[in-house]
Amino acid sequence: MFKVLILISLFFSSLFSSSHLIKKLEFREDKSSLNKAQRLDPNSHINIFLPSIPYSYIAKATNAGLIRSYDNEKGWVYDLAESHKRVDDYTYIFTLRDNLKFQNGEVFTIDDVIYNLNYFRKYPFLYTNINKIDFEVKKLDERRVKIILKQKYEMFLTDLARVYFYTKEYIQKYKPVGAETGTANKVPGEFGMGPYIIKSGYTIGSEQTNKIELEANPYYWNKEFPKIKRITVYTQLDINKAIEDITKYEGKLDLMPIPFNKKFEVILSKYSKLIISKSTDNFVIFFNLINGNKELLNEEVRVALNQALDQERLLNFVYKKEGRVSPFTTSINYKVVEEVAKEYEIKEKKLTEEKLHSLLNGLKLKVFTQDRFMFLFKGIEFQLKKYGVNFEYAVTNSEKDIYKQLLTTSSNKNTKEWDLLIWGDDDWYYQNPWTVFFIYEIGSAWSTIPKDDTMKAYIENYFLTKTGTLEYKELVKNILHRARQKAYTLRVPSLNKVIAVNKEVIYKPYEGGIIPLWEIELSKDHWSIRGKKEYKKELQEAVKPERIK
């Protein structure tokens, strides 16, 4: 014990006696926003890495609909529509903006709205209940359209923010039929109405190119955006190589989410800075209860796996304190989830250490993960080894490989054996916990749980219940507590966004799963703008990490 204390003492004394390290930790303020480049400088260009839901992020940057997803309490703002009126539980009237154009310069009219909505009605996406809700579309005049639902559906506006409009030629030629993931970006071209145009590449979740090139749309209705001429998006990179590219080199990568254990490399970099913010994103670790390890079908084993994890230790040592402990898989940063956690007691029997050992000793689990989550699984594995649990890993750098197995498991068509699978469930629904709840929808391609009539009834009512009501909070409580009681997932703490950003990129993250590419700006010292000039020595000093509240 005495030798261990000496070693620890020597380690910390050597660490903090290094004048080089102390100098590195003398931060400068980030002044990039005081030196902004002109909007759409012809040379402005950034490279970004989107390892999770790139199809969703890119769809929001290249497409437009009546309303747009946004980080506010409603979850949306007006886009192609300038206003709307909800007449009753079933009827909505939208008024279109003036002078709208497609990315190819063609005039966009109310007839295009009707054509697109009727096409979506026939071929809706499959990750909510909108595919089971019929509706009627009526033209009122040259600027107004009426949408009449055939049955009550309280998630309509949230869904509508994901209904994008295209030219008739695109729809007729490429037929973007709704699926379990986004289908908005099947090919490059000037087919949409968003702030950026896809010049090369594509991404639809189940398929994607490694690289996608975006260029500013000169016909975007809001002339304030976008602010950067070109953006290169990478969808799959080796995580360690990507960290090296953004920290050790200039011009290779300008923005990427990082594993929490890589914060120090970013802080000490000559070229990148660290931005941290609260988030409603989620790490979802699925149990395969369809064709995985049969021992997982024992609810008590799943409960034991969850109870064997020390959430505080995960938060402190694996997350590096970048998040919050949550009693649920669903992020505690959702307002309604936090209210439920505070107001409703969780009734759960605490298993003894002896019981945990007897249930878990000898359990072998096959883990399928993206490489960027290995830091988390190694932390989980370290804790579970105490109880005799062993992991066998299969690792990929592409989310599409995760989808290929996850989305075929419920139909027993997956080609890889897995017992635990992690998905970077960035909050694509914005302050609506449907982002996680949809994995409990029995029969969905996203669900890997057995039949549960109680949960099925909760989910069906969720579509019919108005947010913000007492009935809504009670229903959210029922879903959260049922999912925890049945231990349908392996719970881990809720996360912060931890992002490495080039020092001359001006960027404020949204809380949910939106990366507003059109809002990002550059300073005049960014590599793409200053050309062959050397990056100033004083700008290479460590920038004080920014923690956005």
Side-chain angles (χ1 to χ4, degrees), residues 24-25 27 30 32 46-54 57 71 233-234 237-248 252-285 311-326 331-334 369-380 397 399 422-428 435 492-503 505-517 520 542-549:
K24 285 288 187 181
L25 293 177
F27 300 121
D30 182 6
S32 56
I46 59 171
N47 301 304
I48 68 174
F49 176 32
L50 301 179
S52 284
I53 62 171
Y57 288 123
D71 253 11
V233 180
Y234 294 96
L237 296 171
D238 175 87
I239 188 63
N240 292 317
K241 178 65 165 55
I243 293 290
E244 190 173 283
D245 283 349
I246 202 166
T247 58
K248 294 184 178 180
K252 288 194 174 184
L253 280 179
D254 292 278
L255 187 151
M256 65 172 286
I258 64 166
F260 306 133
N261 61 343
K262 298 296 182 181
K263 290 195 295 182
F264 208 57
E265 285 94 322
V266 176
I267 290 171
L268 296 182
S269 168
K270 292 180 180 180
Y271 308 111
S272 60
K273 59 189 175 186
L274 193 66
I275 296 179
I276 300 166
S277 67
K278 181 180 175 182
S279 175
T280 46
D281 294 345
N282 302 270
F283 293 150
V284 176
I285 302 179
Q311 300 290 331
E312 287 286 353
R313 284 182 175 273
L314 278 179
L315 181 62
N316 291 332
F317 298 108
V318 178
Y319 281 56
K320 309 302 181 185
K321 300 186 178 180
E322 294 301 348
R324 299 171 63 194
V325 170
S326 175
S331 175
I332 193 70
N333 293 323
Y334 287 108
T369 177
Q370 278 178 269
D371 56 357
R372 73 191 193 99
F373 296 124
M374 279 301 293
F375 82 101
L376 174 55
F377 269 116
K378 285 299 182 181
I380 293 170
N397 64 12
E399 188 181 55
I422 189 169
W423 175 44
D425 181 12
D426 292 5
D427 175 23
W428 44 270
T435 301
V492 291
S494 303
L495 62 139
N496 289 340
K497 284 184 187 290
V498 181
I499 306 166
V501 183
N502 179 280
K503 288 177 179 176
V505 170
I506 303 157
Y507 168 63
K508 182 178 179 181
Y510 283 11
E511 195 169 290
I514 311 173
I515 296 179
L517 301 179
I520 298 176
V543 170
K544 182 179 180 181
E546 183 178 8
R547 193 171 290 273
I548 298 170
K549 295 181 181 179

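Each residue takes its place number in the sequence, starting with 1. Model, not experiment: these values are computed from the prediction.
Closest heavy-atom contact between Ile246 and Tyr271: O-CB, 4.4 Å. Nearest heavy-atom pair across Asp281 and Ser331 is O-CB, 3.8 Å. Across Asp238 and Lys241, no two heavy atoms sit closer than the pair OD2-N, 2.9 Å. For the pair Thr247 and Glu265, the tightest heavy-atom approach, listed with the atom from each and the gap, is CG2-O, 3.8 Å. In this structure, Asp426 and Thr435 approach most closely via the heavy-atom pair O-CG2, 4.0 Å. Smallest separation of non-hydrogen atoms from Asn496 and Lys321: ND2-O, 4.3 Å.
Between the side chain of Tyr57 and the main chain of Leu50, no donor-acceptor pair closer than 3.5 Å is present. With Lys503 contributing its side chain and Ser269 its backbone, the two residues share a donor-acceptor pair below 3.5 Å. Side-chain atoms of Ser494 come within 3.5 Å of backbone atoms of Ile332 as a donor-acceptor pair (strictly under, hydrogens ignored). Of the possible polar contacts, none joining the Asp371 side chain to the Thr369 backbone as a donor-acceptor pair under 3.5 Å is found.
Considering only residues two or more places apart in sequence or on other chains, Lys378 meets the salt bridge (charged side-chain N to carboxylate O under 4.0 Å, His left out) condition with Glu381.
At least one side-chain heavy atom of Val318 sits less than 4.5 Å from a side-chain heavy atom of Leu376. Two residues are said to be in side-chain contact when any heavy atoms from C-beta on lie closer than 4.5 Å; Ile48 and Ile520 fail this criterion. The shortest distance between side-chain heavy atoms of Val492 and Ile422 does not fall below 4.5 Å. Between Ser52 and Glu399, the closest side-chain pair of non-hydrogen atoms falls below 4.5 Å. In this structure, Tyr507 and Asp254 have side chains that are not in contact, with every pair of non-hydrogen atoms separated by 4.5 Å or more.
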For Asn333 and Asp427, what are the C-alpha separation, side-chain angles and deciding distance, and is it a side-chain contact (heavy atoms from CB on, under 4.5 Å)?
-> CA-CA 11 Å; Asn333 293 323; Asp427 175 23; over 6 Å; no
Verdict with reasoning, Leu274 to Ile258, per side-chain contact (heavy atoms from CB on, under 4.5 Å) = CA-CA 10 Å; Leu274 193 66; Ile258 64 166; 3.8 Å; yes
Intermediate values then yes/no, side-chain contact (heavy atoms from CB on, under 4.5 Å), Val498 and Val266 = CA-CA 10 Å; Val498 181; Val266 176; over 6 Å; no
Might you work through the side-chain contact (heavy atoms from CB on, under 4.5 Å) test for Val325 and Glu312, ending with a clear yes or no?
-> CA-CA 7 Å; Val325 170; Glu312 287 286 353; 3.9 Å; yes
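Taking OH of Tyr510 as the reference point, atom CD1 of Ile548 lies at 12.0 Å (rounded to 0.5 Å). With rounding to the nearest 0.5 Å, the separation of CG in Asn502 from NZ in Lys273 is 7.5 Å. Remark: Lys544 NZ to Asp30 CG distance equals 11.5 Å, nearest 0.5 Å. Distance CZ/Phe377 to CD/Gln370: 11.0 Å, rounded to 0.5 Å. To the nearest 0.5 angstrom, Leu237 atom CG is 10.5 Å from Ile243 atom CD1. Note that CD1 of Ile380 is 10.5 Å distant from CE of Met374, once rounded to the nearest 0.5 Å.
Centroid-to-centroid, the aromatic rings of Tyr234 and Phe49 stay 6.0 Å apart or farther.
The aromatic rings of Phe375 and Phe283 lie perpendicular to each other, with more than 60° between the two planes, well past the 30° mark.
A salt bridge links Arg547 with Glu322: at least one charged nitrogen is closer than 4.0 Å to a carboxylate oxygen.
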